[in-house]
Amino acid sequence: MMAHQHLAAFGTRDGELRVGGMPLSRLAARVGSTPFFAYDRGVLDNRIDALRNTLPSRIDLSFAMKANPMPALVQHMARRVDRIDVASGLEMQVALDTGIRPDRISFAGPGKTPAEIRQAVAAGVLIEIESTTELRRVIAAGDELGLTPTIAVRVNPDFAVKGSGMRMGGGPQQFGIDSEEVPAVLRGIAAAGVDVLGFHVFAGSQNLNAGIIAESQRRTVDLVSTLAVHLPRPMRYLNLGGGFGIPYTEKDQPLDLGAVAEGLRELVHGPIAERFPDATPVLELGRYLVGECGVYVTRVLDRKLSRGRTYLVVDGGMHHQLAASGNFGQAIRRNYPLVVGNRVDADPDDAVTVVGCLCTPLDLLGDDLALPDADVDDLIVIFQAGAYGLTASPTAFLGHAAPAEVLV
Ligand SMILES: *Cc1c(COP(=O)(O)O)cnc(C)c1O
């Protein structure tokens with residue numbers, strides 16, 4: 001996906017990018033300082049509407065809030081999705097603060113502390129157990145509090161999903177209980193005073209291949225079909241994971257959502273309806289929901305020429321938006337879509353390199369880009385900044401001030 005497609009999604013007027021309906025320079029004045037992250041409600045709502053209109057209606061949509069835990073954004077999401085998935089006690093608190101029903105919050109992730117588990121049991125949050133140690137702690141917390149915890153078993157499948165930016169299932173994993181161990185674990189649970197709703201299988205992240213996603217969802221349904229006979233009660237919860245990717249560079253093709261939805265329709269109306277009529281199928285998405293609604297806005301502090309190469313030095317960098325520098329697990333560094341936000345109509349006339357303000361050559365935001373003639377005080381905008389941005393970046397590095405975040 002190219003910069004001009006992002007410009008079209010957000011809108012432009014009088015040569016400026018619009019974010020939240022505002023010309024960028026006015027938004028920057030309103031925020032009061034650069035750099036900042038801005039999340040556009042319109043772009044976000046369009047994405048959710050597109051998903052709702054394409055996916056089978058029986059599927060619950062869950063927001064994996066680690067992708068963007070900004071409280072105002074989570075609040076916005078809580079009214080638009082069916083569930084929120086959290087990965088820590090603090091995220092759980094932010095999710096509970098939205099007023100969403102606690103049983104619509106799921107808590108996943110390895111290394112949950114005993115305190116976090118007690119917090120989840122006390123609140124009535126669904127705990128997705130990743131190990132037998134966690135199961136023991138959940139049972140102990142339920143005994144201590146006089147409550148019956150609700151859980152789902154996160155299963156580490158016996159297959160791997162190809163084409164994921166990050167693989168989180170198949171082979172040995174810190175995530176989930178190996179599928180071949182699950183029957184014994186479930187037999188042990190039967191008399192233990194926990195309510196087991198079903199299963200969670202999340203096998204990978206940032207996948208742009210609809211065929212592979214559909215195949216892994218089919219295999220997930222086959223796998224849980226062999227495990228479900230060991231559940232004490234009929235399955236009520238089937239979290240199929242997600243992993244839908246978004247295009248970050250010119251090499252990436254957007255995910256064919258229609259093809260994914262077609263596969264899901266066959267599953268939901270076929271084997272899921274037949275074998276698990278009481279189960280709510282859930283898709284759990286982070287990046288795909290919020291990634292495209294966010295921009296990271298920086299200001300040019302310096303323009304310098306070094307031996308024939310022009311550098312634009314901006315007031316932000318990898319300490320806020322690590323992924324755009326190519327250092328968030330990427331094997332090959334490629335430029336994220338980037339524009340001069342206050343000169344979007346100007347013709348590119350220069351090859352420039354955009355760097356952040358950190359003392360490391362890793363702080364590279366745009367390498368050898370054709371950009372309109374930009375100078376000090378112009379606003380450089382990096383798209384695809386709504387997921388795994390600020391909270392996935394080393395903000396303390398060099399001690400610069402934290403950027404503002406606004407939902408507009
Ligand atoms: C991180 C995570 C997600 C969200 O992944 P995205 O790639 O952002 O969609 C969903 N479920 C679990 C269990 C996760 O750990």
Side-chain angles (χ1 to χ4, degrees), residues 39 44 47-48 50-51 55 59-70 73-74 77 81-88 90-92 95 104-112 116 120 125-131 134 151-157 161-170 173-177 198-210 212-213 216-217 220 237-248 252 254-255 257 260 264 281-294 322-323 328-330 384-393:
Y39 312 116
L44 183 52
R47 171 52 60 105
I48 296 169
L51 267 167
L55 296 174
I59 289 186
D60 268 14
L61 212 50
S62 178
F63 172 44
M65 68 171 272
K66 80 170 187 283
N68 191 327
M70 181 204 189
L73 183 138
V74 178
M77 296 300 279
V81 298
D82 306 295
R83 296 166 182 268
I84 298 178
D85 183 65
V86 303
S88 71
L90 182 59
E91 286 193 0
M92 195 191 317
R104 299 297 162 87
I105 299 173
S106 55
F107 182 20
K112 300 176 189 76
E116 287 172 321
V125 162
L126 170 63
I127 303 172
E128 297 183 328
I129 58 159
E130 311 261 351
S131 72
E134 282 195 354
I151 67 167
V153 176
R154 179 164 178 184
V155 181
N156 176 28
V161 177
K162 293 201 202 79
S164 287
M166 280 185 207
R167 197 159 68 83
M168 296 167 72
Q173 290 288 341
Q174 71 266 55
F175 309 107
I177 296 176
F199 300 105
H200 173 211
V201 182
F202 179 81
S205 185
Q206 180 53 18
N207 202 319
L208 291 168
N209 188 318
I212 291 174
I213 290 175
S216 89
Q217 288 169 339
T220 294
Y237 176 82
L238 175 51
N239 188 331
L240 297 166
F244 298 8
I246 62 173
Y248 284 103
D252 294 337
L255 177 66
L257 186 64
V260 177
L264 279 168
V282 178
L283 267 186
E284 185 177 76
L285 302 172
R287 187 192 311 270
Y288 192 82
L289 289 172
V290 295
E292 302 207 339
C293 80
L322 183 66
F328 189 53
Q330 295 101 327
Q384 306 295 66
Y388 306 108
L390 183 57
T391 59
S393 300

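What you see is a predicted model, and the numbers here were worked out from it, not measured in a lab. When a ligand or atom number is given, it counts from 1 through the structure's own listing order.
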Legend entry - atom 9 (O) of ligand 1 - nearest protein heavy atom and its distance: Gly286 N, 2.9 Å
Legend entry - Pro247 vs Gln384 side-chain heavy atoms within contact, under 4.5 Å: yes
Inset, instruction - Quick one: look at His200 and ligand 1, take heavy-atom pairs under 4.0 Å, and tell me if it's side chain, backbone, both or neither. - result: side chain
Legend entry - Side chains of Tyr248 and Gln330 in contact at under 4.5 Å (non-hydrogen atoms): no
Inset, instruction - Could you tell me whether Tyr388 approaches ligand 1 through its side chain, its backbone, both or neither, with non-hydrogen atoms closer than 4.0 Å? - result: side chain
Inset, instruction - Check ligand 1 against Ser205 and write out every atom of the ligand that is under 4.0 Å from a heavy-atom position of the residue. - result: 6 (P), 7 (O)
Legend entry - Contact summary for Ala323 and Tyr388, nearest pair of heavy atoms: CB-O, 4.4 Å
Inset, instruction - For atom 13 (C) of ligand 1, grab the closest protein heavy atom and report residue, atom and distance to one decimal in Å. - result: Glu284 OE1, 3.3 Å
Inset, instruction - Flag Tyr288 as yes when one of its N or O atoms lies below 3.5 Å from any N or O atom of ligand 1, and as no otherwise. - result: no
Inset, instruction - Could you tell me whether Asp85 and ligand 1 have an N or O pair separated by under 3.5 Å? - result: no
Legend entry - Per-atom contacts of ligand 1 with Arg287, taking only distances under 4.0 Å to non-hydrogen atoms: 6 (P), 7 (O), 8 (O), 9 (O)
Legend entry - Test log, rule salt bridge (Lys or Arg N to Asp or Glu O under 4.0 Å), inputs Glu134 and Lys112: CA-CA 7 Å; Glu134 282 195 354; Lys112 300 176 189 76; 2.8 Å; yes
Legend entry - Atom pair CG (Asn68) and OG1 (Thr391), whose distance is rounded to the nearest 0.5 Å: 6.5 Å
Legend entry - Sub-4.0 Å atoms of ligand 1 with respect to non-hydrogen atoms of Ala64: 3 (C), 4 (C), 10 (C)
Inset, instruction - Indicate yes or no: at least one non-hydrogen side-chain atom of Leu283 is less than 4.5 angstrom from one of Gln217. - result: yes
Legend entry - Taking atom 1 (C) of ligand 1 as the reference point, the nearest protein heavy atom with its distance: Lys66 NZ, 1.3 Å
Inset, instruction - Compare all side-chain heavy atoms of Tyr237 with those of Glu128 and state whether any distance is below 4.5 angstrom. - result: yes
Inset, instruction - May I ask you to list the atoms of ligand 1 that are less than 4.0 angstrom from any heavy atom of Arg154? - result: 13 (C)
Inset, instruction - Would you mind telling me which of Ile84, Val290, Leu289 makes a side-chain contact (heavy atoms from CB on, under 4.5 Å) with Met65? - result: Ile84
